[in-house]
Structure formats: structure tokens, C-alpha cells
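All heavy atoms count here, side chains included; hydrogens, waters and symmetry mates do not.
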Amino acid sequence: MMRRGGRAGGFFSGVAGALAVALALAGCESSARQDPLFVRGASAAVIMPSMAGRADQAELNAAANAGIVSSPVAYEEPPTPSYSDRPLSENIAASLELADYAHALEQAGLMRLLRRAGPYTVFAIPNQPLEKLSHQASDGLRGTVGQAQLRRILAYTIVPGRWDNAALTRKMARSHSSSLSLKTVDGVPLTVRWDAPGKQFVLVGPSGRTNRLWLAGAPQSNGVLYFTQGVLTPDGPA
């Protein structure tokens, strides 16, 4: 009987220890309100844009003439939703269009920031402009200098605070201005300007170069997610 009790005591001690470790790890994650169950049908979502499933028309014609069934034609690309009850880190990682951006954030050590409660506002860079930037760099952004540059560019896309369209509009109205300067994680301000002819917000870098938005203000459990159409660097032209 004593041996049984010893084993039981050891078991419960082990459970208590595991629970303590789990709670300690949980403290590192976002404390923003999130759906405790993976029931996606009941969650509010915004469909994230993607160019991944779009093929060049010439390629499609050549494939058809060769009798090859092209998957972009035969199969519809599944939508990639951004769920408002999940953190930035999860929604960014789920996007096909942000695959390079998500990988770069992990490599730069910035993705863990987007797992926290925040809130943060992210102006994410799609695959094509990020790959173009990599090709322009002498070391492909893989060397020591390139990685430091890439981390600064990525940090320049992250702004502390929940800056959705409504918040930007209110702040500009209070200051009687059509633009707003937001301090990024990189430390260099990023300007958001209201483009009246286009009826949308645009981003303006230190050199005056602009970057238009593709997806505007998708709510996240720990912030706001935007898709941009290009790259802005904190030091000037990319």
C-alpha cells in the first residue's frame, strides 16, 4: 500500500510540475482574447489577398496546347482567412502571400514579438517585392550586412499600438492634418497619409517614397494587419 501511495504521489508531483512549466510558457504568448476552440465557422474573418494561384496567361495557353491540365485552372485556390480572434503571428504565417515575410520575421527574431499581447500594427510586405529586394542586394540579404538591413526593414513595418482605419482617421481629425507620423519598432517614424483622390491611406518613407496598401486594417486579437504593395526602408529608397 505504501508503494502504491508513493507512485501516486510521484505521479501527481509530475503533473503539478508539468502544469507549472506549461503556465510559465503560456505567459510568453499573447494574452489578447482568443477563441479557445478551433471552430472557424463562428469566427469573424477577412479574406487575405494572394497572387499565389494566379498564373501567367501565356503559360496557361502553352499548357493547354500541350494537353497539360493546369492546376490554377482546374482547381480554385482556397481562400486564406485572417481571423480576428487569432494573433498576428498566426494569421501572417497562414498567408501564402506573406510566406517570405513570415520566414524573414522568424529569422530576424521579430515573429515572437507578434505573439505577444501588444497591440501592434503590421504593414506586411508581400512575396514579390520582398524577393525583388533580395535580388537587388549584393549578398541576397543572407550575409551579415544583408541580415542587419533586412531586420531594420522588417522592424520598420511594425508599429506599437492598434492603428486601424478608424483610429487613423480620428487622430488626423484631432490634429487637423491629412498625415500622421507613427514610431516604428525600428525607431524611425513611418508616415501614414490620406490620399483623397484614391480614397485610401498610403505610407510615406523618409525619402518621400510612397507605398500603397493592398489589404487595409484586418483586425487581430493583438493588433491590426495591413498588406502593402511594396517595400519602404528606414534609410531611403529600397
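Under the 4.5 Å side-chain heavy-atom criterion for grouping Ile, Leu, Val, Met, Phe, Trp and Tyr, Val122 is not connected to Val202 through any hydrophobic cluster.
The two residues Pro119 and Gly223 make their nearest non-hydrogen contact at CB-CA, 4.0 Å. Heavy-atom minimum distance, Gly161 versus Thr121: O-OG1, 2.7 Å. Heavy atoms only, all atoms of each residue included: Ser95 and Phe227 are closest at OG-CZ, 3.7 Å. The heavy-atom pair separating Asn222 from Ala117 by the smallest distance is CB-O, 3.2 Å. For the pair Pro206 and Tyr156, the tightest heavy-atom approach, listed with the atom from each and the gap, is CD-OH, 3.1 Å.
Using the six-membered ring where Trp is involved, Phe123 and Tyr226 have ring planes that are parallel, under 30° apart on the 30 and 60° scheme.
The distance from atom CZ of Arg174 to atom OG1 of Thr169, rounded to the nearest 0.5 Å, is 11.0 Å. If you take CH2 on Trp163 and NZ on Lys171, they are separated by 5.5 Å, rounding to the nearest 0.5 Å. Interatomic distance, Leu168 CG to Trp194 CH2, rounded to the nearest 0.5 Å: 10.0 Å. The structure places CG of Leu232 at 6.0 Å from CZ of Arg209, a figure rounded to the nearest 0.5 Å. In this structure, CG in Asn165 is found 10.0 Å from CD in Gln200, a value given to the nearest 0.5 Å. To the nearest 0.5 Å, the span separating CG on Leu88 from CG on Leu225 amounts to 6.0 Å.
By the 4.5 Å heavy-atom criterion applied to side chains, Asp235 and Arg152 are counted as neighbours. Annotation: side chain of Gln220 is in contact with side chain of Ser82 (closest heavy-atom distance under 4.5 Å). Counting heavy atoms from C-beta on, the side chains of Glu97 and Pro126 come closer than 4.5 Å. In this structure the side chain of Lys132 never reaches within 4.5 angstrom of the side chain of Val231, judged on heavy atoms. Counting heavy atoms from C-beta on, the side chains of Ser179 and Val204 never come closer than 4.5 Å. Two residues are said to be in side-chain contact when any heavy atoms from C-beta on lie closer than 4.5 Å; Asp195 and Thr210 fail this criterion.
Panel note: side chain Ser89, backbone Met111; no donor-acceptor pair is recorded below 3.5 Å. Using a distance-only test at 3.5 Å, with no hydrogens or angles considered, a donor-acceptor pair links the side chain of Asn211 to the main chain of Gly230. For Ser177 (side chain) and Met172 (main-chain N/O), no donor-acceptor pair under 3.5 Å exists by modelled atom type.
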Next item on the list: Just do the side-chain contact (heavy atoms from CB on, under 4.5 Å) check on Ile125 and Ile153 with the steps written out, would you?
Entry: CA-CA 10 Å; Ile125 306 170; Ile153 292 171; 4.1 Å; yes
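Applying the side chain to side chain contact (heavy atoms under 4.5 Å, CB included) test between Ile158 and each of Leu114, Leu190, Asp186 identifies Leu114 as the sole match. In summary, of the residues considered (Arg112, Arg115, Arg151), a salt bridge (charged side-chain N to carboxylate O under 4.0 Å, His left out) with Glu106 occurs for Arg115 alone.
For the residue pair Tyr101 / Thr157, a side-chain donor-acceptor distance below 3.5 Å is found, with atom types taken as modelled.
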